[in-house]
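One structure is given below, encoded as structure tokens.
The chain is numbered in sequence order, starting from 1.
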Amino acid sequence: MNKIMKNLKLACIACLFLGLAALIVGVVSGISTVFDTDAIATVACGLGSAPAGAQSSRLANVPSNAAQVRAISLVILLGTTVFAVAAYMLGNPTPLQLGAFALVWIAALLMAIFSHQEVKQLERV
């Protein structure tokens with residue numbers, strides 16, 4: 001496994017755990033109110049990124065699956081952006097919720113960068 005794939009694997013695992021953290025933050029912040037839009041958006045972001053990070057970390061074991069990981073990471077990026085904007089516009093998110101969105105977004109961006117580098121490296125060979 002080359003250095004790019006190791007970094008991709010670590011970014012996928014980070015996305016998995018940050019998705020779980022976002023899920024926990026959303027559930028804890030939503031306990032006081034039932035229909036809190038920012039808590040629902042945080043939970044949805046965690047529910048989307050945690051399984052996607054798990055699937056991507058399994059796919060990252062084989063270099064030829066980098067294109068699939070890139071597609072998954074772009075979906076996570078788009079979904080996290082949509083949920084963060086929705087939480088900001090419809091609710092009043094806490095700094096902890098905004099931090100959870102930002103960390104998931106950064107992990108997905110790293111997944112996209114490393115998977116794109118691996119795809120380009122495989123195309124050169």
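Residues Gly46 and Ala22 come closest through the heavy atom pair CA-CB, 4.1 Å. Across Pro63 and Leu122, no two heavy atoms sit closer than the pair O-CD1, 3.1 Å. Closest approach of Val43 and Gly26 over heavy atoms only: CG2-C, 3.5 Å. Nearest heavy-atom pair, Ala87 versus Ala41, reported as atom, atom and distance to 0.1 Å: CB-CB, 3.8 Å. Contact between Val104 and Gly19 at its shortest, heavy atoms only, is CG2-N, 4.1 Å. Taking every heavy atom of both residues into account, Pro93 and Leu98 meet most closely at CG-CD2, 3.8 Å.
Here the CD-CZ distance, from Gln121 to Arg124, works out to 6.0 Å after rounding to the nearest 0.5 Å. Atoms SG and CG, on Cys12 and Leu110 in that order, are 10.0 Å from each other to the nearest 0.5 Å. Rounded to the nearest 0.5 Å, atoms CD (Glu118) and OG (Ser64) are 9.5 Å apart. Between Met89 atom CE and Asp38 atom CG the span is 14.0 Å, to the nearest 0.5 Å.
Residues Leu59 and Ile72 are in side-chain contact: their nearest non-hydrogen atoms beyond the backbone lie under 4.5 Å apart. Taking 4.5 Å as the limit, every side-chain heavy atom of Tyr88 sits out of range of all side-chain heavy atoms of Val85. Between Thr81 and Trp105, the closest side-chain pair of non-hydrogen atoms falls below 4.5 Å. Looking only at side-chain heavy atoms (C-beta outward), Asn65 and Val62 come within less than 4.5 Å of each other. Looking at heavy atoms from C-beta onward, Leu23 lies in side-chain contact with Leu47 at the 4.5 angstrom threshold. Looking at heavy atoms from C-beta onward, Cys15 lies out of side-chain contact with Ser56 at the 4.5 angstrom threshold.
For the residue pair Gln55 / Arg58, a side-chain donor-acceptor distance below 3.5 Å is found, with atom types taken as modelled. Side-chain N/O atoms of Asn7 and Gln117 include no donor and acceptor closer than 3.5 Å.
Formation of a donor-acceptor pair under 3.5 Å by the Gln97 side chain with backbone atoms of Thr94 is found in this model. Of the possible donor and acceptor atoms, one in the side chain of Asn2 sits under 3.5 Å from a partner among the backbone N and O of Met5. With hydrogens and angles ignored, the 3.5 Å screen pairs a side-chain donor or acceptor of Lys9 with a backbone N or O of Ser57.
Hydrophobic clustering, with ILVMFWY side chains joined whenever heavy atoms are under 4.5 angstrom apart, groups Leu8 together with Ile106. Grouping the Ile, Leu, Val, Met, Phe, Trp and Tyr side chains by contacts below 4.5 angstrom, directly or via other members, places Ile76 apart from Phe83. Leu10 and Ile4 are members of different hydrophobic clusters when ILVMFWY side chains are connected at heavy-atom separations under 4.5 Å. One hydrophobic cluster, built from ILVMFWY side chains closer than 4.5 Å, holds both Leu77 and Phe114. Residues Leu103 and Leu20 fall into different hydrophobic clusters, defined by Ile, Leu, Val, Met, Phe, Trp and Tyr side chains chained together at heavy-atom separations under 4.5 Å.
With a 4.5 Å cut-off between side-chain heavy atoms of Ile, Leu, Val, Met, Phe, Trp and Tyr, the cluster of Ile31 takes in none.
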